[in-house]
Amino acid sequence: MTDPSTAATVTPHAFRPESDAPLPAPVAWDGDAVTYLDQRALPFEVRLESARTVDEIVEAIATLAVRGAPCIGIFGAYGVALLRRSIPDDAAFAAAAARVRAARPTAVNLGWAVDRVLGAEDMLAEAQAIHREQEAIDEAIAQHGLELIPRNARIITHCNTGPIATGAGGTALGIVLAAHRAGKNPHVYVDETRPLLQGARLTEWELRLAGVDAVLQIDAAAAVVMAREKVDLVLVGADRIARNGDTANKIGTYALAVLASHHGIPLYVAAPRSSFDFALESGGGIPIEERDPREVTSFGGARIAEESAQVFNPAFDVTPRHLITAFVTEFGVVRPPYHESISALEKAREVLRLSR
Ligand code: MRU
């Protein structure tokens with residue numbers, strides 16, 4: 001195993017406010033713990049926490065202290081590497097790793113990253129490799145995505161796909177940040193993203209820190225914005241993409257895709273290859289996480305409905321492939337017909353591995 005004292009932590013380059021005050025990395029290896037930026041406290045408090053035990057690791061993921069598909073993959077990978085050190089008994093370790101793997105069901109990145117670490121000789125080195133790779137992947141996604149962003153683009157985004165969601169440069173928001181750095185002057189309409197407000201709390205904050213022109217709106221305002229504001233594109237992330245292109249992402253993405261189609265606006269999904277589930281033929285097989293009803297019956301800590309109200313609270317929905325104009329991956333822009341282009345993406349990984 002790698003000596004923790006020599007283990008590098010990764011600080012995402014894009015995760016810097018304009019003031020230059022250093023912010024902690026969303027996830028980092030700390031030798032005897034995995035540290036993380038508690039996203040529940042943002043944007044009002046930059047709170048750094050550490051997880052050491054399986055309960056702490058699972059809780060951080062399940063409560064969305066650490067969130068975003070690639071970021072929970074990296075966190076889970078470090079978590080399992082850490083638990084291998086602290087749990088010598090093989091059966092107990094396997095049970096702990098299984099709990100981490102199942103902490104959230106929809107994002108395929110978590111299971112993918114945990115399995116990669118479990119299959120490695122040196123688990124910590126593998127977790128660090130996954131983290132480092134995400135930097136290069138996000139950078140490549142940003143570069144490929146730039147071609148889709150016109151100058152002065154008006155972009156609607158949903159949920160949060162920035163640096164804190166990937167532990168690196170971000171996916172959909174990484175493209176927006178790259179467009180901003182390239183002088184393209186993007187203007188972003190940020191869906192607040194009910195019920196946990198990742199758009200209001202996190203995306204608006206990340207765009208503000210980067211100096212990107214952003215307007216916060218309630219999710220239901222997307223239709224009128226599309227009708228009136230000459231929106232150029234919708235740009236979102238993904239938690240799991242089936243072989244045929246059906247895509248699970250934050251609840252509300254499907255509604256946005258229907259609206260975009262109605263208004264003739266392209267919708268792009270930016271996601272790394274690790275968000276594709278090549279074992280799944282279509283979106284019907286994607287497990288959708290249903291969360292605590294109290295996320296819906298309360299708002300900002302205040303109750304807004306009877307606690308006994310019957311509630312439907314899926315954390316994700318599935319956007320059918322025909323509503324998706326293209327995917328932006330680290331290998332390039334993937335366009336329909338998806339049964340061909342997504343199969344090619346699966347093989348592209350093998351080519352990349354050979355070249356390493
Ligand atoms: O429940 P969350 O906040 O983890 O959901 C996050 C999303 O739906 C993101 O769009 C997705 O994970 C991509 S993050 C780059």
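The chain is numbered in sequence order, starting from 1. Not measured: the values here are computed from a predicted model.
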Closest heavy-atom pair and its distance - Ala238, Ala271 = CB-CB, 4.0 Å
Flag side-chain contact, heavy atom, 4.5 Å: Leu146 against Gln143 = yes
With sequence neighbours left out, what residues match Glu45 under salt bridge (Lys or Arg N to Asp or Glu O under 4.0 Å)?
-> Arg47
Hphob cluster co-occupancy, Leu233 + Tyr254, side-chain heavy atoms under 4.5 angstrom = no
Please name the pair of heavy atoms, one in Pro186 and one in Val212, separated by the smallest distance, quoted to 0.1 Å.
-> O-CG1, 3.9 Å
Just jot down the ring pair (Phe, Tyr, Trp, His ring centres under 6.0 Å) partners of Tyr268, sequence neighbours excluded, or say none.
-> none
Side-chain contact, heavy-atom cut-off 4.5 Å: Phe327 with Thr247?
-> yes
Nearest 0.5 Å, what's the CG-CH2 distance between Leu124 and Trp29?
-> 4.5 Å
Using a 4.5 Å cut-off on heavy atoms from C-beta on, say whether the side chain of Ile74 contacts that of His131.
-> yes
Check salt bridge (Lys or Arg N to Asp or Glu O under 4.0 Å) between Arg303 and all other residues, then give those that pass, not counting sequence neighbours.
-> Glu307
Closest approach of Tyr36 to Ser50 (non-hydrogen atoms, all atoms of both residues) = CE2-C, 4.0 Å
Name the atoms and distances for all side-chain donor-acceptor pairs under 3.5 Å in residues 221-229, with sequence neighbours left out.
{"residue": "Glu229", "atom": "OE1", "partner": "Arg154", "partner atom": "NH1", "Å": "3.3"}
{"residue": "Glu229", "atom": "OE1", "partner": "Tyr189", "partner atom": "OH", "Å": "3.3"}

Please report the C-alpha distance between Arg85 and Asp32 in whole Å, then the side-chain angles of each, then the deciding distance to 0.1 Å, and finally whether the salt bridge (Lys or Arg N to Asp or Glu O under 4.0 Å) criterion is met.
-> CA-CA 9 Å; Arg85 293 168 171 223; Asp32 67 347; over 6 Å; no
Separation between CD1 of Ile149 and CG of Asn185, rounded to the nearest 0.5 Å | 12.5 Å
Any residue meeting side chain to side chain donor-acceptor pair (under 3.5 Å) with Ser275, in chain and number order, not counting sequence neighbours = Asn109
For Ile286, what are the other residues in its hydrophobic cluster, where any two members join if their side-chain heavy atoms are less than 4.5 angstrom apart?
-> Leu280, Ile288, Phe316, Val318
Take Arg101 and Asp115 through the test side chain to side chain contact (heavy atoms under 4.5 Å, CB included) and record every step on the way to the result.
-> CA-CA 8 Å; Arg101 198 182 187 288; Asp115 290 347; 2.7 Å; yes
Can you list the other members of the hydrophobic cluster that holds Phe44, where links are side-chain heavy atoms under 4.5 angstrom apart?
-> none
Ile130/Tyr78 under side chain to side chain contact (heavy atoms under 4.5 Å, CB included): CA gap, chis, key distance, verdict = CA-CA 9 Å; Ile130 291 170; Tyr78 278 133; over 6 Å; no
NZ-CG distance between Lys230 and Asp232, expressed to the nearest 0.5 angstrom | 10.5 Å
Could you check Asp90 against Arg84 for salt bridge (Lys or Arg N to Asp or Glu O under 4.0 Å), going step by step and ending with a plain yes or no?
-> CA-CA 9 Å; Asp90 283 347; Arg84 179 66 285 191; 3.0 Å; yes
Is there a donor-acceptor pair closer than 3.5 Å between any side-chain N or O of Lys250 and the backbone N or O of Ala315?
-> yes
Would you check if Ile156 and Val236 make a side-chain contact, meaning some heavy-atom pair closer than 4.5 Å?
-> no
Return the minimal non-hydrogen interatomic distance between Asp246 and Ser282, and the atom names on each side.
-> OD2-CB, 3.7 Å
Hits for salt bridge (Lys or Arg N to Asp or Glu O under 4.0 Å) against Asp292, two or more places apart or cross-chain, chain-then-number order -> Arg294
Got a sec, which residues hit salt bridge (Lys or Arg N to Asp or Glu O under 4.0 Å) with Arg194, two or more places apart in sequence or on another chain?
-> none
If a pair satisfies side-chain hydrogen bond (donor to acceptor under 3.5 Å, both in side chains) and one of its residues is in residues 332-344, list it, with sequence neighbours excluded.
-> Arg243-Ser343
Is any side-chain heavy atom of Asp219 closer than 4.5 Å to a side-chain heavy atom of Glu192?
-> yes
Working for side chain to side chain contact (heavy atoms under 4.5 Å, CB included), residues Phe276 and Glu346 = CA-CA 9 Å; Phe276 286 76; Glu346 186 178 12; over 6 Å; no
Taking all heavy atoms of Ala309 and all of Thr297, pick out the closest pair and write down the distance.
-> CB-CG2, 4.4 Å
Might you work through the side chain to side chain donor-acceptor pair (under 3.5 Å) test for Asp138 and Thr166, ending with a clear yes or no?
-> CA-CA 8 Å; Asp138 286 2; Thr166 70; 2.6 Å; yes
Ile251 reachable from Val258 in the ILVMFWY side-chain graph, under 4.5 Å edges = no
What's the spacing between Phe75 CZ and Leu110 CG if we round to 0.5 Å?
-> 10.5 Å
State, with a plain yes or no, whether a side-chain heavy atom of Val176 is found less than 4.5 Å away from one of Thr161.
-> no
Would you say the side chains of Thr106 and Asp239 form a donor-acceptor pair under 3.5 Å?
-> no
NE2 (His262) with more than 12 external heavy atoms under 6.0 Å = no
Quick check: does any side chain N or O of Asp191 sit under 3.5 Å from a backbone N or O of Thr193, one acting as donor and the other as acceptor?
-> no
At what distance, to the nearest 0.5 angstrom, does NE2 of His187 lie from CG of Asp213?
-> 5.0 Å
Shared ILVMFWY cluster between Val117 and Val108, side chains joined below 4.5 angstrom?
-> no
Where Val333 and Ala326 come nearest, the two heavy atoms and their spacing = CG1-CB, 3.7 Å
Hey, does Ile164 have a side-chain heavy atom less than 4.5 Å from the side chain of Leu202?
-> yes
Could you go through residues 55-72 and list every donor-acceptor pair under 3.5 Å that involves a side-chain atom there, pairing it with any protein atom two or more places apart or in another chain?
{"residue": "Asp55", "atom": "OD1", "partner": "Arg99", "partner atom": "NH1", "Å": "2.9"}
{"residue": "Asp55", "atom": "OD1", "partner": "Arg99", "partner atom": "NH2", "Å": "3.0"}
{"residue": "Glu56", "atom": "OE1", "partner": "Arg52", "partner atom": "N", "Å": "2.7"}
{"residue": "Glu56", "atom": "OE1", "partner": "Thr53", "partner atom": "N", "Å": "3.2"}
{"residue": "Thr63", "atom": "OG1", "partner": "Arg40", "partner atom": "NH1", "Å": "3.2"}
{"residue": "Thr63", "atom": "OG1", "partner": "Glu59", "partner atom": "O", "Å": "2.7"}
{"residue": "Arg67", "atom": "NH1", "partner": "Gln39", "partner atom": "OE1", "Å": "2.9"}
{"residue": "Arg67", "atom": "NH1", "partner": "Asn160", "partner atom": "OD1", "Å": "3.1"}
{"residue": "Arg67", "atom": "NH2", "partner": "Asn160", "partner atom": "O", "Å": "2.8"}

Could you go through the side chain to side chain contact (heavy atoms under 4.5 Å, CB included) check for Gln134 and Ile137 one step at a time?
-> CA-CA 5 Å; Gln134 194 65 42; Ile137 287 167; 4.0 Å; yes
side-chain hydrogen bond (donor to acceptor under 3.5 Å, both in side chains) pairs touching residues 313-323, sequence neighbours excluded, are Glu295-Asn313
Do the side chains of Val190 and Leu196 join up, straight or via other hydrophobic residues, at under 4.5 Å, putting them in one cluster?
-> no
